[in-house]
Participant: 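To start, I am sharing the structure in question, which I have written as structure tokens.
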Amino acid sequence: MDDRRAKLAAMAEAGGEPWPYSASPTAHAADVVAAHSGLEDGAETEDRYVLAGRMMLRRGQGKLIFAELADRSGTLQLFVSKSVVGDDGFASFDDLDLGDWIEVAGTAMKTRKGELSLKVDGVRLLAKCIRPLPEKFHGLVDEEQRRGRRYLDLVANRDSLDVFVARSKMVSAIRRFLEERDFLEVETPVLQPIYGGAAARPFVTHHNELDMRLYLRIATELYLKRLIVGGMERVFEIGTNFRNEGISFKHNPEFTMIELYQAYADYDDVMDLFEALVPYVAERSVGTTTITHPDHGEIRLDGRWPRITLRDAILEQGKVDIDSASDDELRAALVAAGYDPKGDTTRGKLIDALLTKFVEPGLIQPTFLIDYPVELSPFARTHADNPKVVRRFEAFAAGMELGNAFSELNDPALQLERFQQQAQARAAGDDEAEQLDEDYVTALEYGMPPTGGLGFGVDRLAMLLTGQRSVRDVILFPARRTKA
RNA sequence: GGGAGCGUGGCGCAGUUGGUAGCGCAGGGGCCUUUUAAGCCUUUGGUCGUGGGUUCGAGUCCCACCGCUCCCA
């Protein structure tokens with residue numbers, strides 16, 4: 001570091017500008033590769049480019065230097081010859097350190113060994129890298145640093161950069177998909193006086209001027225459905241939700257969720273929509289609809305996904321019928337599988353545990369589980385054929401829940417009843433039960449048309465599409481304990 | 001909450017039964033006009049996560065704490 005700082009000082013002393021104001025690259029590394037990859041070994045061109053990026057590798061060869069320039073698109077070898085840049089130019093290139101940001105000008109060529117390169121005739125330091133970069137071959141391995149100092153991870157580990165580029169394209173593709181179908185993107189409050197729309201504990205905060213307790217939202221659901229009442233017909237929001245819960249390979253306390261609501265649709269329509277959305281997004285973010293997952297092998301996202309009722313799935317994997325079994329029988333099935341259901345006080349929670357324990361890990365290929373118990377779904381519409389279940393589905397892949405959807409309950413009296421059941425559950429010790437939202441009931445009293453709704457986690461989908469095992473590897477700055 | 005493992009120079013890693021810390025990369029100096037993690041010669045960096053303890057002596061053994069990873073509830 002001292003040495004690199006000294007170079008900066010010497011440069012300033014000699015009248016150079018160590019921190020130039022701007023740069024003017026004309027191309028990315030990948031552009032040069034795309035234009036000239038067909039060159040014969042040893043061939044040179046007159047095609048000039050100006051590139052900017054970080055110098056990542058250097059191989060000195062006496063009066064020749066090979067270096068590797070990395071930009072967002074990829075890398076390109078630089079071919080620096082003393083006979084081209086002269087003694088001074090060569091010396092100043094030799095003075096650069098790994099990690100320095102540089103701007104280089106030159107012509108496309110291919111070396112005798114067949115490596116496409118830029119034959120450099122001009123170099124300019126754009127910004128000095130004062131600290132040495134992580135090791136060039138193994139990259140940055142230490143998880144603590146990879147996540148805590150993501151910028152270093154992105155510099156040192158190309159794979160990591162690729163994941164986040166894919167995630168960005170994914171979000172963009174989701175927007176396009178929904179806009180093509182006439183959905184309006186909206187923004188609803190992050191700070192909410194009453195939180196709802198999911199079974200979770202909230203983060204609590206306080207507004208000084210209003211002297212009011214506010215919660216960071218755990219879902220966007222109830223606000224978005226108010227917009228359906230208002231006549232917006234098709235809305236979606238891409239937003240951060242906050243849940244004050246444990247951190248695991250699939251949970252981060254703040255995460256990105258998409259919720260969408262479509263008037264005049266039901267959960268079958270929403271299944272079709274999600275089934276079309278996922279391959280559309282996969283194609284445009286990772287370039288394929290067949291994912292190779294590190295733990296589960298090939299996962300095919302296109303085609304029609306199986307629909308299985310939750311009852312059938314639990315019956316097959318857990319050997320217990322949630323339609324007829326008593327609570328004790330459900331509990332016994334869990335105990336037999338070595339799971340202690342002591343914290344699961346309600347029937348809904350027991351069924352949820354059966355799903356998590358027996359069914360979810362085996363759902364590798366995309367699958368819809370449909371028709372959930374009413375206790376677990378206070379905002380979903382009751383099934384006409386069976387009052388114990390609602391018209392709801394969850395989508396799974398890679399042994400993980402991706403999304404959750406239902407035909408929305410729009411009967412205000414029934415909704416109020418469901419809120420009251422939730423209040424009982426809370427009184428019985430369920431601290432994840434829904435809070436009564438009177439204004440939401442009032443909104444329903446003004447009339448919400450038949451509506452289908454869907455929520456899915458952007459982070460989970462990013463994990464699936466990029467084959468990452470941990471949600472922390474698809475979140476740029478995941479939550480972590482920091483030094484006090 | 002329970003269990004297992006990890007923490008050693010900027011980065012990636014070694015460190016035998018406790019005996020005074022090594023290797024590779026990066027950095028410095030030198031050689032080299034076709035390298036691909038270039039190579040060769042040479043050289044500078046570390047009170048081994050923190051705090052106690054055992055011992056003549058601790059990176060190594062014991063205790064506590066901090067942080068991370070994985071598995072389980």
Participant: Considering every strand and a 4.0 Å limit on heavy-atom distances, what is the contact class for A:L152: base, sugar-phosphate, or nothing?
Facilitator: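 Result for A:L152 = nothing.
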
Participant: Side chain of A:R59, heavy atoms from C-beta onward: which of B:U36, B:U33, B:G12 has the nearest atom to it?
Facilitator: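 In terms of side-chain proximity for A:R59, the closest of B:U36, B:U33, B:G12 is B:U36.
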
Participant: Remember a base hit wins even if backbone is also touched, and classify A:K119 as base, sugar-phosphate or nothing at under 4.0 Å, heavy atoms.
Facilitator: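 Touches nothing.
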
Participant: At under 4.0 Å between heavy atoms, what does A:F249 touch on the DNA or RNA strands: base, sugar-phosphate, or nothing?
Facilitator: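 No contact.
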
Participant: Have a look at A:K136 and say if it touches a base, only the backbone sugar-phosphate, or nothing, with a 4.0 Å heavy-atom cut-off.
Facilitator: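 Touches sugar-phosphate only.
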
Participant: Need one value for A:G338: base, sugar-phosphate or nothing, where a base atom within 4.0 Å counts as base even if backbone is also close, heavy atoms only.
Facilitator: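 Since only primed, P, OP1 and OP2 atoms lie under 4.0 Å of A:G338, the category is sugar-phosphate.
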
Participant: At 4.0 Å (heavy atoms only), tell me whether A:R472 reaches a base, stays on the sugar-phosphate, or touches nothing.
Facilitator: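 It contacts sugar-phosphate atoms only.
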
Participant: What is the nucleic acid contact for A:G60, judged by heavy atoms within less than 4.0 Å: base, sugar-phosphate only, or nothing?
Facilitator: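 Base contact.
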
Participant: With a cut-off of less than 4.0 Å, is there a side-chain N or O of A:R58 near OP1 or OP2 of B:G27?
Facilitator: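 For B:G27, OP1/OP2 do have a side-chain N/O of A:R58 under 4.0 Å.
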
Participant: Once you apply a heavy-atom cut-off of 4.0 Å, does A:Q77 come out as touching a base, just sugar-phosphate, or nothing?
Facilitator: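 Base contact - A:Q77 has a heavy atom under 4.0 Å of at least one base atom.
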
Participant: Examine B:G27: is either OP1 or OP2 under 4.0 Å from a nitrogen or oxygen in the side chain of A:R5? Give yes or no.
Facilitator: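 Negative; the distance criterion is not met.
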
Participant: Within the structure shown, what part of the strands sits under 4.0 Å from A:R147 by heavy-atom distance: base, sugar-phosphate, or nothing?
Facilitator: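 The residue A:R147 makes sugar-phosphate contact but no base contact.
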
